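Since the structure is predicted, the reported quantities are computational estimates derived from the model, not experimental observations. Hydrogens, waters and symmetry mates are skipped; everything else that's a heavy atom, side chains included, is used.
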Amino acid sequence: MTKSIGIVILAAGKGTRMKTDAPKALSLCAGKPLLDFVVLAAREFTTECHLKAEIGVVIGHRKELLENWWENHTNKTEIKLAWQREQRGTADALKACFADLPHFGNFDYTLVACADTPLMTSHEFNHLFNVLKNENDLVGVAASFETDQPTGYGRIVHGEFGFKIVEEKDANATERLIKEVNSGFYILKTSHVMSVLNQIDNKNKSGEFYLTDLFQQNYKVRAVKFDSETPFLGINTLEQLAKVDKMVRLKKTRSLMSDGVRFLDPDNCYIDVDVNIGGGTIIYPGCTLLGSTLIEKNVVIESNTFIKNSVIKSGAEILANSYLEGAIVHEEATIGPMARLRPGADIGPEAKIGNFVEVKKSKLSRGAKVSHLSYIGDAEIGENSNIGCGFITCNYDGANKHKTKIGSNTFIGSDCQAVAPIEIGNDAFVAAGSTITKNIPDGGFGIARSMQTTKEGGAKRFLKSKKT
Ligand code: UD1
Ligand code: CA
């Protein structure tokens, strides 16, 4: 029969040492809340081990922010929240979970995890679970590891059958020398948790209810020692966050390289964990790729480009020093150098956006070209139209935004403005230097500039008049 497991993630703590206002569990690491790394690892583990699972997140400090996180979560239905009213220790946090989510008491197993360890993977959970599952009379396992700097961790003190965990504050001189420490990750038979959780007291130096008291030397429990501390590296300070953030990003670029993405300087790029990049793509040094950005196959991203929450389709090229946010760039289009695509920019296949061009909330069709020094806002530009240097859509009248529509195969000369709302048809032509305020029909020629007067020999006379 399928076994069931309750995954309890402790996230009620304040994270005092972070010195930030928001709950530590929501701090972003490589663009993703710390809490989500543990949720992901736990979900992978329960799928791999064919366990029926539910996730319970214990919240407390600034709980409204975590409720908001839950409200918008893709896996919302698998996640439940429990409220620890006062932060009286890790055992009290688990009690709060069983109080708010009593059905967690019926699961075969209970896994307890901290919310601040983004390097944790399903691999560690699997290993821990297999030890518990394969030894019939064991009631609980804790993940431990050895470290030369055990300060701050609970020490593992082995006994005849089991082991106990002694917190730094409560440890005597000999216990402090112990190098095997508690990672804070446990899997237990729920029946064991139910029978001992209420007996845990707070008679210790911190006056807190310690979850570590679920393990005692006379219980059938085991500390499962892992070779490396890395997966358990917890974040308590902003300095630790910066260090682990870097490790997470490095792991990300390595995995992208193994999928065929070429980085000219992998140590000098900032890629968020949820960014996807297809094989054959080349990333030059100094690029920042953030959020939900999706870059398809065979794309070129030149140096110092910033891309956030955007989609770049196969074969497109983003040339150096461009800035893209909330944009879509279709197949074989070219952007930049030094272009800016703002939210809602939709650049068609084989289209071209050149240097010092800003595009906002505008759709350019296949092969459209805006090559130099332009602002395109709230506009539509049809197939193969060519927009000359220095064109401006005057989309804002000081109160409202208006649309500009330009058809297909239309030519706009250099240094023109279109005062929106306005429509310029297909196969139309606008003469350079025009300020267009009236619609131009299909095939129409628009010119809007004052007539030129040329006076023979006038240059000399003009200068002379100035000198007197
Ligand atoms: C804990 C362990 C310690 C272990 C270390 C590993 C205890 C008593 N000690 O210590 O043996 O080596 O983790 O990192 O468990 N939390 C709540 N409610 C509370 C208190 C804490 O939800 O009332 C949450 C925190 O948000 C955090 C987790 O529990 O996610 C761990 O709490 P923390 O205070 O960081 O425990 P440590 O002192 O690090
Ligand atoms: Ca901690």
Side-chain angles (χ1 to χ4, degrees), residues 28-33 36-37 40-41 43-44 47 74-75 118-119 121-123 245-354 357 359 362-369:
L28 297 184
C29 178
K32 190 150 103 167
D36 277 304
F37 287 88
L40 183 70
R43 290 183 78 247
E44 278 174 8
T47 311
T74 16
N75 308 112
L119 291 165
T121 68
S122 63
H123 172 81
D245 192 282
K246 203 168 188 175
M247 292 168 82
V248 171
R249 288 178 195 278
L250 200 65
K251 204 167 132 183
K252 175 74 185 178
T253 35
R254 279 211 197 101
S255 110
L256 287 168
M257 286 192 278
S258 74
D259 292 342
V261 179
R262 168 129 200 248
F263 286 91
L264 298 190
D265 185 357
D267 296 333
N268 187 18
C269 281
Y270 294 79
I271 321 279
D272 274 354
V273 268
D274 287 336
V275 169
N276 281 306
I277 308 180
T281 286
I282 303 177
I283 316 272
Y284 283 57
C287 291
T288 304
L289 310 176
L290 305 182
S292 60
T293 293
L294 165 66
I295 296 171
E296 292 187 346
K297 291 184 294 182
N298 304 322
V299 168
V300 176
I301 312 276
E302 286 190 356
S303 302
N304 304 320
T305 288
F306 179 101
I307 305 180
K308 189 175 180 182
N309 300 332
S310 297
V311 177
I312 316 294
K313 303 233 174 181
S314 321
E317 287 189 38
I318 315 295
L319 306 183
N321 297 300
S322 294
Y323 189 104
L324 286 70
E325 183 178 2
I328 302 179
V329 176
H330 291 269
E331 291 81 359
E332 311 284 334
T334 308
I335 309 296
M338 291 160 287
R340 178 171 183 207
L341 300 187
R342 291 170 52 199
D346 182 334
I347 312 302
E350 294 165 40
K352 183 182 173 207
I353 298 294
V357 173
V359 181
S362 294
K363 187 175 161 59
L364 276 74
S365 296
R366 179 182 290 274
K369 288 187 180 60

Exercise for the section: Under the side chain to side chain contact (heavy atoms under 4.5 Å, CB included) rule, what do L290 and E325 come out as? Steps first, then yes or no, please. Expected result: CA-CA 9 Å; L290 305 182; E325 183 178 2; over 6 Å; no
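- For S292 (side chain) and N309 (main-chain N/O), no donor-acceptor pair under 3.5 Å exists by modelled atom type.
- Listed here is the closest heavy atom pair of V275 and K252: O-NZ, 2.7 Å.
- I301 is listed as a side-chain neighbour of I307, based on a closest heavy-atom distance under 4.5 Å.
- In this structure, K313 contributes its side chain and V329 its backbone to no donor-acceptor pair below 3.5 Å.
- Between L250 and K246, the closest side-chain pair of non-hydrogen atoms is not below 4.5 Å.
- Atom NZ of K308 sits in a sparse spot, with 12 or fewer heavy atoms from other residues, nucleotides or ligands closer than 6.0 Å.
- Residues K251 and T121 meet the side-chain proximity criterion, which asks for heavy atoms closer than 4.5 Å.
- Side-chain atoms of S314 do not come within 3.5 Å of backbone N or O of N298 as any donor-acceptor pair.
- The environment of OH in Y284 is sparse: at most 12 heavy-atom neighbours from other residues, nucleotides or ligands sit within 6.0 Å.
- No donor-acceptor distance shorter than 3.5 angstrom exists from the side chain of T281 to the backbone of I277, with no hydrogens or angles considered.
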Listing, residues 338-352 side-chain donor-acceptor contacts under 3.5 Å, not counting sequence neighbours, or none:
residue	atom	partner	partner atom	Å
R342	NH1	E358	OE2	2.6
D346	OD1	H330	NE2	2.9
E350	OE2	R366	NH1	3.1

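- In this structure the side chain of I318 reaches within 4.5 angstrom of the side chain of L324, judged on heavy atoms.
- Side-chain contact between Y270 and C287 is absent, with no heavy-atom pair separated by less than 4.5 Å.
- The environment of F306 atom CZ is dense: over 12 non-hydrogen atoms of other residues, nucleotides or ligands sit within 6.0 angstrom.
- When all heavy atoms of G336 and S322 are compared, the pair lying nearest together is CA-OG, 3.6 Å.
- For the pair V248/L119, a side-chain contact is recorded, criterion being any heavy-atom separation below 4.5 Å from C-beta on.
- A 4.5 Å side-chain heavy-atom check between L289 and I295 finds at least one atom pair inside the cut-off.
- In this structure a side-chain-to-backbone donor-acceptor pair under 3.5 Å is missing from E302 to L319.
- Taking D272 as the reference, R249 meet the salt bridge (Lys or Arg N to Asp or Glu O under 4.0 Å) condition, with sequence neighbours excluded.
- With contacts defined as side-chain heavy-atom distances shorter than 4.5 Å, the pair I353/V359 qualifies.
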Practice task
Would you check, one step at a time, whether the test side chain to side chain contact (heavy atoms under 4.5 Å, CB included) holds for I283 with R262?
Solution key: CA-CA 6 Å; I283 316 272; R262 168 129 200 248; over 6 Å; no
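- With S122 contributing its side chain and E44 its backbone, the two residues share no donor-acceptor pair below 3.5 Å.
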